[in-house]
Number of protein chains: 2
Amino acid sequence: MTCDSSSTAATDEPRPADSRAEAFQEVRSARRNELAEDYVELIAELIHEHGEARPVAIAARMGVRAPTVTKALDRLAREGLITRERYRSVFLTEKGRALAHECRRRHEIVLRFLIRLGLDAETAERDAEGIEHHVSERTLALFEAYADQV
Amino acid sequence: MTCDSSSTAATDEPRPADSRAEAFQEVRSARRNELAEDYVELIAELIHEHGEARPVAIAARMGVRAPTVTKALDRLAREGLITRERYRSVFLTEKGRALAHECRRRHEIVLRFLIRLGLDAETAERDAEGIEHHVSERTLALFEAYADQV
DNA sequence: GTAAATTCTTAGCCAAGACTAACTTTTTTG
DNA sequence: CAAAAAAGTTAGTCTTGGCTAAGAATTTAC
């Protein structure tokens, strides 16, 4: 049943030009950034609420253990999103603050949209947490339009 | 600075820090299943379109290399979602077929909803791919209602 | 001002998911 | 049917993101 002759000839391209494949690659790429975004967003919230972001608080809110946080923070620091000193609080860099702001914006739009659609607040919060990393700017604009319009 | 214990930790919690942690844990749990769902959905599609699902076709559509597919299929087999023989096509088990069906359903609902909202087909397809794994049954129902209503 | 408790880090383990290189099996093709 | 091509697997590497156990640093409490 090898009927699809067009798909696999001499593979010159290391990256398949298949639009389906591209979509999956984009999703995977988005998935890679999700955790970093979650952390940065959470750090911004903690700083806003408590004046600082301690690893122990991050761990509690993320629902993970302390060493997991340490590792994640190392990575965020490597990526230039936060600054930190050993055994001390975490601070966002300019870049980190920008990302946090962007995330917050997306989160708010998705959340507001879901609630406008008729979803209960708690489910909306949970769904928004998952969805916010996967909505394009275009979709976001439509979500906003809908929420405003009603 | 260490206002944690006095101000917001023990007493007021309108939303206990726990519920945030739970939300994140749920998202992480969803993320863990995403790839398996993508594979199963794709395998079902390939079988439907071509009568069989070959690893080479899966790799092309997923946008990954062959060994990645082999490993993924090992895992799917371990989880009882597919059956396979070495160097042969892949088949869904009853469980795999059920999951594929469920995924397809979610995908369709999200896609239809986004298009009804006014999104172009291509972006809708891309966003649906990312969103479908993160919508609750409740949200799905609202998406359906909206798409039908308009 | 020291001892206890808490917080944070390090070290080491594991599984997933990506890759390349190299090998085996199957299929195609002169 | 034998050689070449394609498909699939294995082996080995890397990174991420979890975890526990144990040790170091800091903070609290007596």
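Order of the sequence lines fixes the chain letters, A, B, ..., with proteins taken first and strands second; residue numbering starts at 1 for each chain.
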Whole Å only: how far is the [atom1] atom of [X] from the [atom2] atom of [N]?
X	N	atom1	atom2	value
A:Glu85	C:dT9	CD	C1'	15 Å
B:Asn33	C:dA16	CG	P	12 Å
B:Arg54	D:dA5	CZ	P	19 Å
A:Arg84	D:dA25	CZ	P	15 Å
B:Glu52	C:dT27	CD	P	10 Å
B:Asp74	C:dG17	CG	P	12 Å
B:Leu81	C:dA16	CG	C1'	15 Å

#### Entry: Partner of A:Ile58 under side chain to side chain contact (heavy atoms under 4.5 Å, CB included), chosen from A:Val64, A:Leu46, A:Thr68
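The residue from A:Val64, A:Leu46, A:Thr68 that satisfies side chain to side chain contact (heavy atoms under 4.5 Å, CB included) with A:Ile58 turns out to be A:Leu46.
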### Task
Could you list all the ring pair (Phe, Tyr, Trp, His ring centres under 6.0 Å) pairs where at least one residue sits in residues 19-46 of chain B, not counting sequence neighbours?
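Sorted pair list comes back empty.
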### Task
Could you give me the CA-CA distance, side-chain angles and deciding distance for A:Glu125 and B:Arg20, then say whether salt bridge (Lys or Arg N to Asp or Glu O under 4.0 Å) is met?
CA-CA 9 Å; A:Glu125 181 60 53; B:Arg20 289 307 211 83; 5.1 Å; no
### Per-nucleotide protein contact string for nucleotides 15-24 of chain D, where B marks a base within reach and S marks sugar-phosphate only (heavy atoms under 4.0 Å, - for neither)
-SBBBBB--B
### Query
Does the distance from a Lys or Arg side-chain N to an Asp or Glu carboxylate O, for B:Glu49 and B:Arg61, drop under 4.0 Å?
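Counted as a salt bridge, because a side-chain N and a carboxylate O are separated by less than 4.0 Å.
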### Task
Identify the two heavy atoms, one from A:Pro55 and one from A:Leu73, that lie closest to each other, and give their separation to 0.1 Å.
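Where A:Pro55 meets A:Leu73 most closely, the heavy atoms are CG-CD1, 4.2 Å.
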### Task
Mind checking side-chain contact (heavy atoms from CB on, under 4.5 Å) for A:Leu142 and listing every partner two or more places apart, or none if nothing turns up?
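So A:Leu142 forms a side-chain contact (heavy atoms from CB on, under 4.5 Å) with B:Leu117, B:Leu119.
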